[in-house]
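First up is the structure itself, then whatever we jot down about it.
Please read all numbers here as calculations on a predicted model, not as lab measurements. Only heavy atoms go into these numbers, but all of them, side chains included; no hydrogens, no water, no symmetry mates. Within every chain, numbering begins at 1; the chains are lettered A, B, ... in the order of the sequence lines, protein sequences first and strands thereafter.
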Amino acid sequence: MPIKLHDSLSRETRELRPSQPDGVFRFYNCGPTVYAPAHIGNFRTFVVNDVLRRLLELEFGQAKVRHVRNLTDVDDKTIRRAREEGRPLAEVTKQWTAKFHADCQALNCLAPHDEPTATGHIREQVDMIDVLMKKGNAYRAADGSVYFKVSSFPGYGHLSRVHERELQPGSALAGKVHAADADEKEDVSDFALWKAHKADDGNNAWDSPWGRGRPGWHIECSAMSKKLLGDTIDLHTGGVDLLFPHHENEIAQSECCNGVPFAKHWYHSEHLLVDGKKMSKSLGNLYTLDELVAKGFSPMAVRYTLLMGHPRKQLNFTLDSLHAAESALKSLRSFRNTLQTTAGSTTPGKGAKDFALVIPTLEDDLNTPGAFGALFRELNQIHSTGLFPAHAAELLIEFDKILFALGLDLAAPVPAAKSAPAEITTLAEKRWAAKQAKDFAAADALRKELAAAGWTMLDRKDGYSLEPLKK
RNA sequence: GGCGCGGUAGCCAAGUGGUAAGGCCGAGGUCUGCAAAACCUCUAUGCGCCGGUUCAAUUCCGGCCCGCGCCUCCA
């Protein structure tokens, strides 16, 4: 079944298919700026793109998907961070790149096939700017910066419908408040391709035909996409906030330089809200993966939570939803164990249609909550009708395919139980002894004592474990 | 002000012109000395409000109310 995905440019849901004769599907996902830990809003986009990547692999074959995600390692924020910490830029970005990779791995995201960096592709960016200069789409301003001339590209604004917008009085552009370099530009809409060196940049500058400086933000994606995937790619993705101006500017640069359409398909995932509001430092509702893990949640529950809402709708993230995710994962784990136990070493049967709707639901515009619904509906159905070994063996294969598509690793570590203090283990030992002696009255009294101290005992045949009481 | 998205059970959240998936929580039950786990059952005559179209609307159309996002370097 073909994968259908909403296209931000045409505003239609269209089939995804490779456009090149080699049958390789090429997609570019705008990656993070590495100057701080990414927050879970960032990860919503990367997790959604990861599900997409997995579906593409299932559809076209593992070898027929090429996934590129960049790392922005030179811009205002990274340079400012390095300056504030008195460290070289490369050291700062290396640190946060490593952290980003660790978080991605914890969230079970497949690594992109290429992860190019802006500083690693200065020459490609300069070359591209050079072409734009020669074609008359760019100009060098008095300060040595190079700007893209928006009026030279008639297609500008189609993606974001920028022409249909009215500027809010007092907005940055209308008031030129933020446009520190506005005087250098011919038009406020023009954007920087090359930024002339300033004192604040320190030694983070490169030579170019227009003098020392550094690339503007937008050009890196155009240049690296061209180098690694070609002039026309099959899909370009990112968060909604990148739709304008970032992606609009990428289209302008790439199409003016290459003379062919930039991306066949555009996809934007919506924002994650926290307690009904966009995450922001000022509201204090910004979460990183580490903070959630510190609260006792597993990274897999975070991943599950990020997939609980439709990717093109704002998703309201709460701690309650993390609890829900943790419980849901537990059910899935338990179900898989049942399948495994029942199946044993039986040869899988053929023809079961139990999970037939899950992947197709996912393939219909990445309807992750719909897919979870279909999954649990089937799961309940199977529970109530019972299982034969051959059936279970077959279902196990299907179930694992679904887990792969969603990127849920049920074997991933769950939060380690806190170890109990000595007085608790003493009580527990006493209770266990009482139970073995069948002194149930004493055992029950000790259970109550433990509960009062905030602990519960989970009995097994051969022993017990201790867990802190929930709430 | 402009552009866009949304308002579905206590919470989260799919979906459809023909009478509401699923998860969490909660209640009852089976099973276990107890507890936990697992499994079973139950939980919106209702889908922001008011009109309209229709045999039939939560789903289409119009108006209104409320919320959220974006409006030049934030995933």
Side-chain angles (χ1 to χ4, degrees), chain A residues 11 29-33 38-49 72 75-77 150 160-174 178-179 182 188-192 195 216-218 237-246 248-249 268-273 276-280 304-305 308-310 312-318 320-332 334-335 337-338 357 361 367-380 383-384 431 435 438-441 443-444 447-448 450-451 456-460 464-465 467:
Chain A
R11 304 201 171 198
N29 171 22
C30 281
T33 302
H39 55 68
I40 55 167
N42 298 318
F43 282 118
R44 179 183 197 194
T45 297
F46 300 132
V47 165
V48 164
N49 273 270
T72 298
D75 77 323
D76 291 350
K77 287 177 303 205
V150 166
S160 59
R161 293 184 168 186
V162 74
H163 301 302
E164 290 150 56
R165 301 182 183 192
E166 252 180 43
L167 286 171
Q168 181 180 21
S171 75
L173 189 55
H178 270 280
V188 283
S189 301
D190 294 347
F191 55 91
K195 302 176 98 160
W217 174 40
H218 314 294
T237 66
V240 268
D241 49 337
L242 297 185
L243 203 139
F244 184 83
H246 186 54
E248 199 70 76
N249 293 354
H268 295 92
S269 43
E270 254 297 348
H271 278 301
L272 186 71
L273 306 181
K277 302 276 184 195
K278 186 185 172 181
M279 276 187 289
S280 73
Y304 190 106
T305 304
M308 276 187 354
H310 191 112
R312 288 197 299 108
K313 269 177 80 171
Q314 292 170 346
L315 171 65
N316 189 23
F317 181 92
T318 63
D320 277 347
S321 52
L322 271 178
H323 280 116
E326 209 77 78
S327 299
L329 282 170
K330 221 167 155 186
S331 306
L332 294 179
S334 156
F335 179 73
N337 284 340
T338 305
L357 283 174
T361 302
N367 188 349
T368 49
F372 280 127
L375 176 60
F376 278 97
R377 199 166 50 234
E378 291 298 336
L379 198 147
N380 293 334
H383 272 142
S384 45
R431 184 181 161 274
K435 182 184 166 173
K438 304 223 183 274
D439 182 356
F440 295 127
D444 286 352
R447 180 180 282 290
K448 276 184 185 165
L450 282 164
T456 186
M457 256 175 104
L458 306 180
D459 294 0
R460 293 186 311 272
Y464 63 90
S465 54
E467 275 188 12

Check whether the side chain of A:H310 and the base of B:A14 form a donor-acceptor pair under 3.5 Å. no

Tell whether A:K195 reaches the base of B:C73 with its side chain through a donor-acceptor pair below 3.5 angstrom.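 For A:K195, whose side chain was compared with the base of B:C73, there is a donor-acceptor pair (under 3.5 Å).
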
Using a cut-off of less than 4.0 Å, is there contact between a side-chain N or O of [X] and OP1 or OP2 of [N]?
| X | N | value |
| --- | --- | --- |
| A:K330 | B:A38 | no |
| A:S331 | B:C24 | yes |
| A:N367 | B:A13 | no |
| A:S327 | B:C25 | yes |
| A:H383 | B:C39 | yes |

With pairs taken as Watson-Crick or G-U wobble and both distances under 3.5 angstrom, which stems of at least three consecutive pairs involve RNA chain B?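 Result, WC/G-U stems under 3.5 Å: B:1-7 with B:65-71, B:10-12 with B:22-24, B:26-30 with B:38-42, B:48-52 with B:60-64.
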
Please write out each protein N/O paired with an N/O of nucleotides 28-34 of chain B under 3.5 Å, distance rounded to 0.1 Å.
residue: B:G33; atom: O6; partner: A:R431; partner atom: NH2; Å: 2.9
residue: B:G33; atom: N1; partner: A:D444; partner atom: OD1; Å: 3.0
residue: B:G33; atom: N2; partner: A:F440; partner atom: O; Å: 3.4
residue: B:G33; atom: N2; partner: A:D444; partner atom: OD1; Å: 2.5
residue: B:G33; atom: N2; partner: A:D444; partner atom: OD2; Å: 2.5
residue: B:C34; atom: O2; partner: A:R447; partner atom: NE; Å: 2.9
residue: B:C34; atom: N3; partner: A:R431; partner atom: NH2; Å: 3.4
residue: B:C34; atom: N3; partner: A:R447; partner atom: NH2; Å: 3.3
residue: B:C34; atom: N4; partner: A:D459; partner atom: OD2; Å: 2.6

Under 3.5 Å, which protein N or O atoms sit close to an N or O of nucleotides 46-48 of chain B? Give each pair with its distance.
none

Need one value for A:L242: base, sugar-phosphate or nothing, where a base atom within 4.0 Å counts as base even if backbone is also close, heavy atoms only. sugar-phosphate

Those residues that, when tested against A:D444, pass salt bridge (Lys or Arg N to Asp or Glu O under 4.0 Å) (two or more places apart): none

If the condition is side chain to side chain contact (heavy atoms under 4.5 Å, CB included), which residues does A:V240 pass it with, not counting sequence neighbours? A:H268, A:E270, A:H271

Who passes side chain to side chain contact (heavy atoms under 4.5 Å, CB included) against A:D75, sequence neighbours left out?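 Checked A:D75 against side chain to side chain contact (heavy atoms under 4.5 Å, CB included); matches are A:T33, A:T72, A:K77, A:T78.
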
